[in-house]
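Quick notes on the structure that follows.
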Amino acid sequence: MTDFSASFDASPFSQNLAFADVEPGENQRWSTWPAVTPSERGPDPRPAWVVTSAGALDTELGILKTGKEADAYLLERAVPGDLSQRTLLVAKRYRGEEHRSFHRSTVYTEGRRVQSSRDSRAMAKKSTFGREIAAAQWSFAEFSALSRMWQLGAPVPYPVQVNGTEVLMEFIGSGATAAPRLAQVRGDRRALTDYFNQIVEIMHLFARAGFAHGDLSAYNLLVHDGRVWAIDVPQIVDIIANPQGLDLLHRDCVNICDWFARHRVECDAEYLFAELMAASFG
């Protein structure tokens, strides 16, 4: 995984964007908000910073991160000439199977249903349409997981909308600088212990709802202004419906505790797993 956030040039965003006319320019498009249905928009109450104007333009400002199954881009959604309607978003775009290097997807999708039998057959045949459906499944899975966790009060980016294979979500960071991943953070033992306790609470919140993150590590947790945020949730698993659910929950515990133990924070993966089991079945 390559992270370009540290080298990203924020200067384009620091200047006032000026538009000669209302036609999209290079690296721009009309806002896709009007093109999606209400069910493809984020949950209520919608944050005040969400730009819903049909007159807004989406401007791509650069790539934030490349991943195994998707790439994340920094995007500005703004109404030309109206500084009050301007926000930064992350546009996460999923790739089709032929361009994806993530080979463990079936572990996470066990227990999930494909609503359309036509879609299911196309996916099984791996037709062009089927590959498009498979990629869109991951974007909708992430949007759904973010929506559910946001409504439950979990510290996750607000999901603005989903459109095909693209999820637009809240940008976590300062200015145009993305918040660092936990793996990049250097802190004293006291600060790291606080981060660990926050992560345990996030895991408890997931478990009480019947879910495990499924791929939790120091690389998909952000730290911003002392707060830990969970990201990369398309593989969220139902602990009961997925036959691998408990194994994935246990792996989350081991991954997190191993990382913190290496940074001299006392923790016990088996104890944490027992706590989460009690929370999920309690």
Next item on the list: Enter the distance from D247:CG to I239:CD1 here, rounded to the nearest 0.5 Å.
Entry: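 That separation rounds to 11.5 Å.
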
Note to self: Return the CG to CZ distance between D58 and R77, rounded to the nearest 0.5 Å.
What the structure shows: 4.0 Å

Note to self: Could you walk me through whether R41 and V160 satisfy the side chain to side chain contact (heavy atoms under 4.5 Å, CB included) test, starting with their C-alpha distance in whole Å, then the side-chain angles of each, then the deciding distance to 0.1 Å, before giving a yes or no?
What the structure shows: CA-CA 6 Å; R41 296 171 179 167; V160 174; over 6 Å; no

Check: Is it true that F211 and F206 have ring centroids separated by less than 6.0 Å?
Finding: no

Next item on the list: Test Q85 against D82 for side-chain hydrogen bond (donor to acceptor under 3.5 Å, both in side chains), laying out the working first.
Entry: CA-CA 6 Å; Q85 296 195 69; D82 188 347; 3.0 Å; yes

Quick check: do [X] and [Y] have side-chain heavy atoms less than 4.5 Å from each other?
{"X": "Q137", "Y": "Y94", "value": "no"}
{"X": "V36", "Y": "V162", "value": "no"}
{"X": "H250", "Y": "N255", "value": "no"}
{"X": "Q161", "Y": "W33", "value": "yes"}
{"X": "V90", "Y": "L75", "value": "no"}
{"X": "R227", "Y": "Q198", "value": "yes"}
{"X": "C253", "Y": "L276", "value": "yes"}

Checklist line | Ion pair check, K92 and D71, cut-off under 4.0 Å | finding: no

Notebook entry, point to check: Name the one of L168, I231, L89 that satisfies side-chain contact (heavy atoms from CB on, under 4.5 Å) with P157?
Noted result: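 Only one option passes, and that is I231.
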
Margin query: If you compare all heavy atoms of S39 against all heavy atoms of F143, which two are closest, and at what distance to 0.1 Å?
Written below: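 Minimum heavy-atom contact is O-CE2, 3.7 Å.
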
Checklist line | Residues which pass side-chain hydrogen bond (donor to acceptor under 3.5 Å, both in side chains) with E60, listed by chain and number, not counting sequence neighbours | finding: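 Partners of E60 by the side-chain hydrogen bond (donor to acceptor under 3.5 Å, both in side chains) criterion, ordered by chain and then number, come out as R93.
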
Next item on the list: Not counting sequence neighbours, list each pair that qualifies as a side-chain hydrogen bond (donor to acceptor under 3.5 Å, both in side chains) and has a residue in residues 146-156.
Entry: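 Found none.
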
Margin query: Could you see if I172 belongs to whatever hydrophobic cluster contains V50? Use Ile, Leu, Val, Met, Phe, Trp, Tyr and a side-chain cutoff under 4.5 Å.
Written below: no

Next item on the list: Check the pair Y271, E275 against side chain to side chain contact (heavy atoms under 4.5 Å, CB included), reporting the backbone distance first and the verdict last.
Entry: CA-CA 6 Å; Y271 179 78; E275 278 193 328; 3.4 Å; yes

Notebook entry, point to check: Under the salt bridge (Lys or Arg N to Asp or Glu O under 4.0 Å) rule, what pairs show up with a residue in residues 151-163, not counting sequence neighbours?
Noted result: none

Margin query: Can you confirm whether the side chains of S139 and E166 place a donor and an acceptor under 3.5 Å from each other?
Written below: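 Distance-only check fails for S139 and E166.
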
